[in-house]
Amino acid sequence: MSDTVKLTTDSKELELKALSGSVGPKVIDIRKLYAQTGMFTYDPGFTSTASCDSALTYIDGDEGVLLHRGYSIEELSEKSSFMEVAYLLLRGSLPSKDELDGFNNTITRHTMVHEQLSQFYRGFRRDAHPMAIMCGVVGALSAFYHDSTDITDPQQRMIASHRLIAKMPTLAAMAYKYSIGQPFVYPRNDLSYTGNFLRMTFSVPAEEYEVNPVIEQALDRIFILHADHEQNASTSTVRLAGSSGANPFACIAAGIACLWGPAHGGANEAALNMLREIGTPERIPAYIARAKNKDDPFRLMGFGHRVYKNYDPRATVMQKTVREVLSALKVNDPIFDVALQLEDMALHDDYFREKKLFPNVDFYSGIILSAIGFPTDMFTVLFALARTVGWVAHWNEMISDPEQKIGRPRQLYTGPAQRPYVPVAQR
Ligand code: ACO
């Protein structure tokens, strides 16, 4: 393919540049299109539009490939740790031993939250959805950490990023504790990022709590699988919010709000609820029929993806992790069998094959999280905790880009043309 693309309009022929990334399809540079033709492009849902350039994550949806800074998700989830992946996404390369120790130390020392923030929780109803609480308390961080909201200062940007990554587990665990009426548990610096989160979530002051290493490793892997996924809806939300110069805490709160939706991060909660509703394998065909029925809004939750038209590589790792966790905890969850049979039936069904609908990362994650002891409404909170790493890495990448502009899409206007105002008495 050449490096230019010809576009013919009624009145002229235009040559547009075709830009090449390091891997993946070329993109047509249409920045001058309006100036030269007086026309915009129309692409609701950004199905064919690259909104930015980025060096963080590469996805080949047809082949089922996911790379962070060039490393495959299979290798990272097998050999790395969530803290190492966080470093990789933020800084661009894998850390040396000293760099990793230093990063772990920095994150660990930012895990406490301002004591006054704990009083915010008391303003929420006990039955509030924890994502509602997270939207509020993460946005409120900007009221506490004024010394890291000057986004023109790279040092302050990095401090804000560390604070966000470090404080998310504390805030998430507090949301859970509040909902069940137990006291908040302070972080402990001798534990790993994930072990600390497990302890803040599940321990009580009345007795000792020991972190189960199998659970710690499985949850750490789940965090890796959710760390970043290029320009998904919530990351694009964070970038759009940040493009106006908004402070990082407010931007991440915007990302949390977007992630909450059932078509995005809320799908893991919806997928487990669906599997529980199905309940037994003999009821699966009825649900497959509903998913195929155009007059029924029901969709198979945890199935389908905007980018993957092949098996989501994260779902493969997740399915393997379910087996490990259920066997380590000696749990025999019949819902796992329902999930396996549902996947098998859908993958052999013409509707799902033709539309290239495969299980996504959310299909199996709920089964593991439930076995560990998390209630369903915490699932999306865990996703938000892990995705914070990707969000802050994208936010930093965007702010430090000299070509960065405020995000401002255009539209195809379909309302009335200009008309005279009629006073109310004459209408
Ligand atoms: N069940 C049944 N049919 C489906 C499903 C599904 N889960 N997903 C897509 N389809 C069908 C649609 O009805 C549509 O059919 P049509 O062409 O006959 O109208 C076709 O497949 C394409 O679907 P779109 O909604 O146009 O695809 P889009 O890329 O916009 O949506 C999405 C992707 C939102 C993920 C969709 O597949 C979905 O709703 N899945 C269920 C929710 C889910 O699991 N979300 C998690 C995504 S991963 C993540 O955020 C971590």
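Both ligands and their constituent atoms are indexed starting at 1 by order of listing.
Residue pairs meeting the side chain to side chain donor-acceptor pair (under 3.5 Å) criterion with at least one partner in residues 370-382, sequence neighbours excluded, are Asn268-Thr380, Arg276-Ser370.
Atom numbering of ligand 1 starts at 1 in the shown order; those under 4.0 Å from a heavy atom of Phe383 are 51 (C). Of all atoms in ligand 1, numbered sequentially from 1 with element shown, those under 4.0 Å from a heavy atom of Gly302 are 43 (C), 44 (O). Set against the non-hydrogen atoms of Ala263, the atoms of ligand 1 under 4.0 Å away are 45 (N), 46 (C), 47 (C). Those atoms of ligand 1 that come under 4.0 Å of a heavy atom in Ala291, given as number and element, are 2 (C).
Protein heavy atom nearest atom 11 (C) of ligand 1, with residue, atom name and distance: Tyr351 OH, 3.6 Å. Nearest protein neighbour of atom 51 (C) of ligand 1, counting heavy atoms only, is Asp362 OD2, 3.4 Å. When only non-hydrogen protein atoms are considered, atom 42 (C) of ligand 1 lies nearest to Met301 CE, 3.4 Å. Protein heavy atom in closest approach to atom 40 (N) of ligand 1: Phe303 O, 2.9 Å.
Proximity of Thr47 to ligand 1, defined as any heavy-atom pair under 4.0 Å, is not found for any part of the residue. Of all the heavy atoms of Asn232, none lies under 4.0 Å from any atom of ligand 1, so neither backbone nor side chain is involved. Using a 4.0 Å cut-off between heavy atoms, Val361 contacts ligand 1 through its side chain alone, with no backbone atom that close. With a 4.0 Å heavy-atom cut-off, ligand 1 is reached by no atom of Phe363. With a 4.0 Å cut-off on non-hydrogen atoms, Lys355 touches ligand 1 through its side chain and not its backbone.
A heavy-atom separation below 4.0 Å is not found between Phe298 and ligand 1. Heavy atoms of Lys294 come nearer than 4.0 angstrom to ligand 1 in at least one pair.
Remark: the Arg126 side chain and the Ser179 side chain contain no N/O donor-acceptor pair separated by less than 3.5 Å. For the residue pair Thr57 and Asp228, a side-chain donor N or O sits within less than 3.5 Å of a side-chain acceptor on the partner.
Taking the six-membered ring for Trp and the full ring otherwise, the centers of His229 and His305 sit less than 6.0 Å from each other.
Taking 4.0 Å as the cut-off between side-chain N and carboxylate O, Lys97 and Asp101 count as a salt-bridged pair.
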Review item, side-chain donor-acceptor pairs of residues 166-175, under 3.5 Å, at least two apart:
{"unit_1": "Lys167", "atom_1": "NZ", "unit_2": "His110", "atom_2": "O", "d": "2.7"}
{"unit_1": "Lys167", "atom_1": "NZ", "unit_2": "Met112", "atom_2": "O", "d": "2.6"}
{"unit_1": "Thr170", "atom_1": "OG1", "unit_2": "Thr111", "atom_2": "O", "d": "2.6"}

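Using a 4.5 Å cut-off on side-chain heavy atoms (C-beta onward), Glu397 and Leu56 make contact. With contacts defined as side-chain heavy-atom distances shorter than 4.5 Å, the pair Ile278/Leu342 qualifies. For the pair His264 and Asn232, the minimum side-chain heavy-atom distance is below 4.5 Å. Counting heavy atoms from C-beta on, the side chains of Met378 and Leu369 never come closer than 4.5 Å. Met318 has its side chain within reach of His226: a pair of non-hydrogen atoms, C-beta onward, lies under 4.5 Å apart.
Judged by a 6.0 Å distance limit and a 45° cone about the ring axis, Arg290 is positioned over the six-membered ring of Phe298.
Across Ala267 and Asp362, no two heavy atoms sit closer than the pair CB-OD2, 3.4 Å.
The heavy atom nearest to atom 4 (C) of ligand 1, considering only Asn293, Thr380, Leu300, Leu357, is found in Leu357. With atom 35 (C) of ligand 1 as the reference point, the heavy atom nearest to it among Ala267, Gly304, Ala346, Pro359 is part of Gly304. The option with the heavy atom closest to atom 50 (O) of ligand 1, from among His226, His264, His305, is His264. Of all the listed residues (Lys356, Arg387, Arg299), Arg299 holds the heavy atom that lies closest to atom 12 (C) of ligand 1.
Less than 4.0 angstrom separates atom 22 (C) of ligand 1 from none of the non-hydrogen atoms of the protein. Distances from atom 26 (O) of ligand 1 to the protein include no heavy-atom value under 4.0 Å.
Polar contact with ligand 1: present for Arg306 (N/O pair, distance under 3.5 Å).
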